[in-house]
Amino acid sequence: MPQYIHDNTEDEFTHEDFINAYLTSKGADIVNLEQFRTLPSSTATGARQIGRLTNLMELTVDTSWWTRYRSRTMNPDFGDTFPQAIPSLAVGMHPAIPRTDDDLTPKDHIQAIANTAGFHFGTIEQGGTSLYPSLAQRVTNVEVLRIVLSIGPTEAMHFQTWQDKAGNAPPLTDPKDPALVFPNLNAPPFGGEDFQTNLIMPEPTIFLSRSLPVCSIVRPTGTKGAAMGAANFLTAMGLFRGQSPAFFALLRDLAEDADDAKRES
Ligand SMILES: [Fe+2]
Ligand SMILES: [Fe+2]
């Protein structure tokens, strides 16, 4: 898990740095969120005390991608909704990192935090896996299309890795928060094709039209409102809990600009 975290983090920094450098090279505005690094760090031993952009200590993790990518008959682009793999993670607020040294014990409590992180990574990366193909459909310039098509699939690599990792989350109940339960996804009432943990490639499902054969695809990839959808999804999971109104105004502004983009021919 530490290797995956370091690799994934490095990748994301390069995505940010490359896109901003490319924008600069074309004389375009860059996106700089430095002024919003204001959220507190964990005070657990080893955590650097710096301002943070995101809050990883009060997350509400949507785990419906687990069943969405295992469905052979439904697709969110057709309006379908999907059951949660870990229902108790999708309600309330849960730490994905130790908040203080108190969170380091007992063993099942820190494991519950690691399980939360494992599913949270999958949630973030499935979002990125959809976002790039969704926005690629607005791109006119072929070099920009190349950038979007070259970065997007790395998000799918992240997603699949984390989906595999989340599948290894030991079943347990958090002793410090008994409402948080990680069930055995391979056993009844879970189990079966929708939940089994070693099924980490997309099941083929309906795509574009029900009259066409099913297809193994990323979903959703609808382009309408995709950027605002991503901003709302990140906000709803509590990732920016504690951020200022100015931050959310900028986030909405960026999403509106992205959703206003139109492919020209
Ligand atoms: Fe990325
Ligand atoms: Fe990623």
Side-chain angles (χ1 to χ4, degrees), residues 1-12 42 44 46-47 54 56-72 82-99 103-130 153-205 216 218-219 233 237-239:
M1 196 156 173
Q3 181 66 55
Y4 292 157
I5 290 171
H6 289 299
D7 273 355
N8 202 147
T9 302
E10 180 186 24
D11 287 5
E12 305 305 355
S42 161
T54 56
L56 299 176
M57 297 183 273
E58 296 175 316
L59 294 177
T60 307
V61 184
D62 183 341
T63 58
S64 61
W65 50 267
W66 185 271
T67 54
R68 187 202 315 149
Y69 270 95
R70 287 165 167 77
S71 170
R72 291 174 166 268
F82 300 84
Q84 296 289 333
I86 315 292
S88 55
L89 210 48
V91 294
M93 296 193 281
H94 308 283
I97 54 173
R99 296 159 293 192
D103 274 336
L104 302 179
T105 54
K107 186 176 167 291
D108 275 1
H109 176 62
I110 189 66
Q111 184 64 56
I113 292 174
N115 286 6
T116 300
F119 275 93
H120 170 65
F121 285 126
T123 299
I124 290 287
E125 300 297 339
Q126 65 78 30
T129 298
S130 279
T154 68
E155 308 299 354
M157 296 178 204
H158 299 161
F159 171 43
Q160 193 181 32
T161 300
W162 289 114
Q163 179 164 209
D164 195 23
K165 199 72 197 163
N168 294 335
L172 56 80
T173 297
D174 184 348
K176 285 187 175 168
D177 176 12
L180 180 57
V181 178
F182 291 88
N184 180 351
L185 294 172
N186 292 308
F190 303 98
E193 190 132 18
D194 279 359
F195 286 93
Q196 70 180 78
T197 54
N198 62 359
L199 197 127
I200 59 166
M201 298 176 200
E203 291 302 282
T205 195
S216 181
V218 166
R219 65 269 218 174
F233 152 82
M237 74 168 65
L239 197 61

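The nearest pair of heavy atoms linking T161 to M157 is OG1-O, 2.9 Å. In terms of heavy atoms, P106 sits closest to P175 at CG-CG, 3.6 Å. Annotation for G118 and A166: closest pair O-CB, 3.9 Å, computed over non-hydrogen atoms. In terms of heavy-atom proximity, A85 sits nearest to P183 at O-CG, 4.0 Å. Shown here for S88 and H94, the closest heavy-atom pair between the two residues is O-NE2, 2.9 Å. Here the closest non-hydrogen pair linking F195 and W66 is O-NE1, 3.1 Å.
Note that CE of M93 and CG of L59 are 10.5 Å apart. Values are rounded to the nearest 0.5 Å. A distance of 11.5 Å separates OG1 of T154 from CG of D7, quoted to the nearest 0.5 Å. Taken to the nearest 0.5 Å, the CG atom of N198 stands 11.5 Å off from the CG atom of L185. The CD1 atom of I113 sits 8.0 Å away from the NZ atom of K176 when rounded to the nearest 0.5 Å.
Checked by atom type and distance alone, the side chain of K165 never pairs as donor or acceptor with a backbone atom of G122 at under 3.5 Å. With hydrogens and angles ignored, the 3.5 Å screen pairs a side-chain donor or acceptor of Q84 with a backbone N or O of T63. Using modelled atom types, no side-chain atom of T67 and backbone atom of D194 make a donor-acceptor pair closer than 3.5 Å. Judged by distance alone, with hydrogens and angles left aside, the side-chain atoms of R68 form a donor-acceptor pair with the main-chain N or O of R219 at under 3.5 Å. Here the side chain of S42 pairs a donor or acceptor atom with the backbone of R99 at under 3.5 angstrom.
Contact check for V61 versus I86: no side-chain heavy atoms found under the 4.5 Å cut-off. Counting heavy atoms from C-beta on, the side chains of T173 and D108 never come closer than 4.5 Å. Within the 4.5 Å cutoff, side-chain heavy atoms of L239 are placed close to those of L56. With contacts defined as side-chain heavy-atom distances shorter than 4.5 Å, the pair F121/I5 qualifies. Within the 4.5 Å cutoff, the side chain of P204 has heavy atoms near those of the R72 side chain. Here the side chains of N115 and L180 are not in contact, with every heavy-atom distance at 4.5 Å or above.
E155 and T129 form no side-chain donor-acceptor contact under 3.5 Å, judged by distance and modelled atom types alone. With 3.5 Å as the limit, one finds a donor-acceptor pair spanning the side chains of T197 and N186. Defined by atom type and a distance below 3.5 Å, a donor-acceptor pair is present between the side-chain atoms of E12 and N8.
Among residues two or more places apart in sequence or in another chain, the ring pair (Phe, Tyr, Trp, His ring centres under 6.0 Å) test is passed with Y4 by W162. Applying the ring pair (Phe, Tyr, Trp, His ring centres under 6.0 Å) rule to F159 yields the partners W65, Y69; only residues at least two apart in sequence or on another chain are considered.
Tested against E125, the residues H158, H120, Q163, Q160 include a single side-chain hydrogen bond (donor to acceptor under 3.5 Å, both in side chains) partner, H158.
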